[in-house]
Amino acid sequence: MDTDALTAGLLQELRATRPYPALSLTMPTHRRAPDNAQDPVRLRNLLSEAHNRLEADPAVSRETCAAIKRQLERAVDELDQRRALDALVLLATADEYRIWRLPRTAPERVVLSDSYLTRNLVAAKAQARPFWALTVAADHAALFSGTTESVQEVHIGGFPLTAPREDFDPQREEQIGDTPSNFASEDTKLFLRTVDEKLRAVLATDPRPLYLVGIAPALALFEEAGQCAKDAVGRVTKGAPADNAPRELLTELRPALEARRARFAAEIDAKLDAARGRKAFAGGLDEVWAAVREGRAGLVAVEEHYQQTVRMDEEHLRPVTDEVVDPADVTVREDIVDELVEAALDSGAEVYFVADDSLEAHGRIAAELRF
């Protein structure tokens, strides 16, 4: 699965308690040769570690161990290296397996617990900034799920929608001398009200920024039809053919996506500046981590590719740089930034990823505090 598939409902399901053990395997991957040649070797080594951990765990029966191994084998058989991104997450129990490809790196790790490890999924989705894009015309509407890297058409909530064909009226053409305009037709207005209704239901289930794509008359009529167009964060005025290719659509959306990102960056800078003036500001990993744990962070901004391994030292975080990390050392957190992002979102804070080096003066991560 890709990160935009991580809905609130699915996240709740992944976090649900399961019969022990629920196995989570994470590792960094590479998108291109020659770096991706190492990925199968690293995966085999991690799978070997997972098998050894399962066999050595007295709480895992022989039957359960064999069942989880089979699920892992099925997951590996399904993997397509050509689709690799920056990290791979395999989740498995005796009854199922799930594959996630993430556009954000994750450490090599095997975890046995009574629930799946989700912090890397949550952080990757927050960084990917998922959105909805609706292509709309007088006679059809299609919904696309997108991130900064890709878009794909989705078939949910009744989408795609096609308007019923209007019968040709020769008497009207003879009397008036033209054929009716699609945008003046009551049937078109009714169709676009249906599109708005279906879209509102999707947004209620999975709220995301919405972008609209269509020619100007279609977008204007869609705005009259309901609420969704008024809440859209961006518009692309161009034709919306029913067979719009996802890659072409992402190219058309790119200027609107970048414009919104620039607006957000300016807004976040202003909020952090105001927070410093009110002395409601935390900067650096240790300060922000403490604020998130105490529920004081209202907004967290983190640089796109900031990652840091740390050691927990009496409630503080000490960066680990050159020393070799022992996987068995429970005081070491290799993905503390992802853990922080997940904890912040769980506490109700807003989390935004910003351009690299934009928070260099504040240790790559900063927060606006509630109190």
Side-chain angles (χ1 to χ4, degrees), residues 3 26 28-32 35 85-87 102-107 119-131 146-150 209 233-234 250 253-293 296-311 316-323 325 332-345 349-369:
T3 49
T26 71
T29 53
H30 303 82
R31 303 185 185 215
R32 300 175 188 85
D35 293 334
L85 296 177
D86 299 317
L102 308 183
R104 178 176 174 82
T105 192
R119 67 179 67 138
N120 305 112
L121 305 181
V122 172
K125 179 174 181 178
Q127 180 179 342
R129 298 186 295 275
F131 61 85
T147 66
T148 53
E149 298 195 350
S150 66
V233 299
L250 184 58
L253 284 167
R254 187 70 68 189
L257 294 172
E258 292 300 328
R260 183 171 185 269
R261 180 178 182 180
R263 291 197 303 271
F264 250 74
E267 291 174 7
I268 291 168
D269 282 345
K271 288 183 178 180
L272 293 177
D273 283 342
R276 283 194 292 272
R278 302 193 313 270
K279 300 189 183 303
F281 175 85
L285 191 54
D286 194 42
E287 284 189 19
V288 176
W289 171 253
V292 167
R293 292 185 64 193
R296 295 188 295 120
L299 179 149
V300 174
V302 56
E303 291 185 3
E304 289 271 4
H305 298 98
Y306 178 48
Q307 299 281 357
Q308 179 66 61
T309 299
V310 301
R311 187 182 303 280
H316 290 283
L317 306 181
R318 182 166 60 83
V320 175
T321 52
D322 298 329
E323 64 182 278
V325 175
V332 172
R333 301 283 211 283
E334 291 186 86
D335 54 354
I336 190 65
V337 176
D338 287 9
E339 190 172 342
L340 184 153
V341 167
E342 182 177 46
L345 290 169
E350 299 175 277
V351 176
Y352 299 106
F353 284 83
V354 297
D356 289 341
D357 297 329
S358 62
L359 296 174
E360 183 178 9
H362 307 298
R364 313 289 180 187
I365 188 169
E368 176 189 34
L369 304 181

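Atom set for the values below is all heavy atoms of this structure, side chains included, hydrogens, waters and symmetry mates excluded. As the structure is a computational prediction, the values presented were derived from the model and not from experiment.
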Tightest non-hydrogen contact, residues L345 and A126, listed as CD1-CB, 4.4 Å
Under 4.0 Å between a Lys/Arg side-chain N and an Asp/Glu carboxylate O for E303 and R364? yes
Just so I know, are the side chains of V341 and V300 near enough to count as touching, which here means a heavy-atom distance under 4.5 Å? no
Only one of D356, L285, L359 passes side chain to side chain contact (heavy atoms under 4.5 Å, CB included) with Y306; say which it is. L285
Minimum-distance pair of heavy atoms, taken over all atoms of A301 and I268: CB-CG2, 4.0 Å
Would T309 and I336 satisfy side chain to side chain contact (heavy atoms under 4.5 Å, CB included), going step by step from the backbone distance to the final call? CA-CA 7 Å; T309 299; I336 190 65; over 6 Å; no
Rounded to the nearest 0.5 angstrom, the CD-CG distance for Q308 and D286 is 11.5 Å
What are the two closest heavy atoms between V122 and E342, and how far apart are they? CG2-OE2, 3.7 Å
Does any non-hydrogen side-chain atom of V302 lie less than 4.5 Å from one of V288? no
If you measure from CD on E267 to CG on L272, what distance do you get to the nearest 0.5 Å? 12.0 Å
Answer whether the closest heavy-atom distance between the side chains of E304 and R104 falls below 4.5 Å. no
R261 (side chain) donor-acceptor with A256 (main chain) under 3.5 angstrom: no
Ring centroid separation for H362 and F281, is it under 6.0 angstrom? yes
Output the distance between atom NZ (K125) and atom CG (L121), rounded to the nearest 0.5 Å. 10.5 Å
Taking the basic N atoms (NZ, or NE/NH1/NH2) and the acidic carboxylate oxygens, is any pair closer than 4.0 Å for E149 and R31? yes
When you compare the side chain of F131 with that of V233, does any pair of heavy atoms fall below 4.5 Å? no
Spacing of CZ belonging to R119 relative to CD belonging to E339, to within rounding of 0.5 Å: 4.0 Å
Check this for me: R32, atom CZ, are more than 12 non-hydrogen atoms of other residues, nucleotides or ligands nearer than 6.0 Å? no
Without swapping roles, check the side chain of Q127 against the backbone of A123 for a donor-acceptor pair under 3.5 Å. no
Of all heavy-atom pairs between F353 and R129, which one has the smallest distance, and what is that distance? O-NH1, 4.1 Å
Is the shortest heavy-atom distance from the side chain of N120 to the side chain of P107 under 4.5 Å? yes
Atom CH2 in W289, atom CD1 in I365: separation rounded to 0.5 Å? 10.5 Å
Nearest non-hydrogen partners of T105 and D338, listed with the distance: O-OD2, 4.1 Å
Do you know the tightest heavy-atom contact between A297 and L369? CA-CD2, 4.2 Å
Can you measure from CD (E368) to CG (L299) and round to the nearest 0.5 angstrom? 5.5 Å
Are T3 and P103 packed together at the side-chain level, in the sense that at least one heavy-atom pair is separated by less than 4.5 angstrom? yes
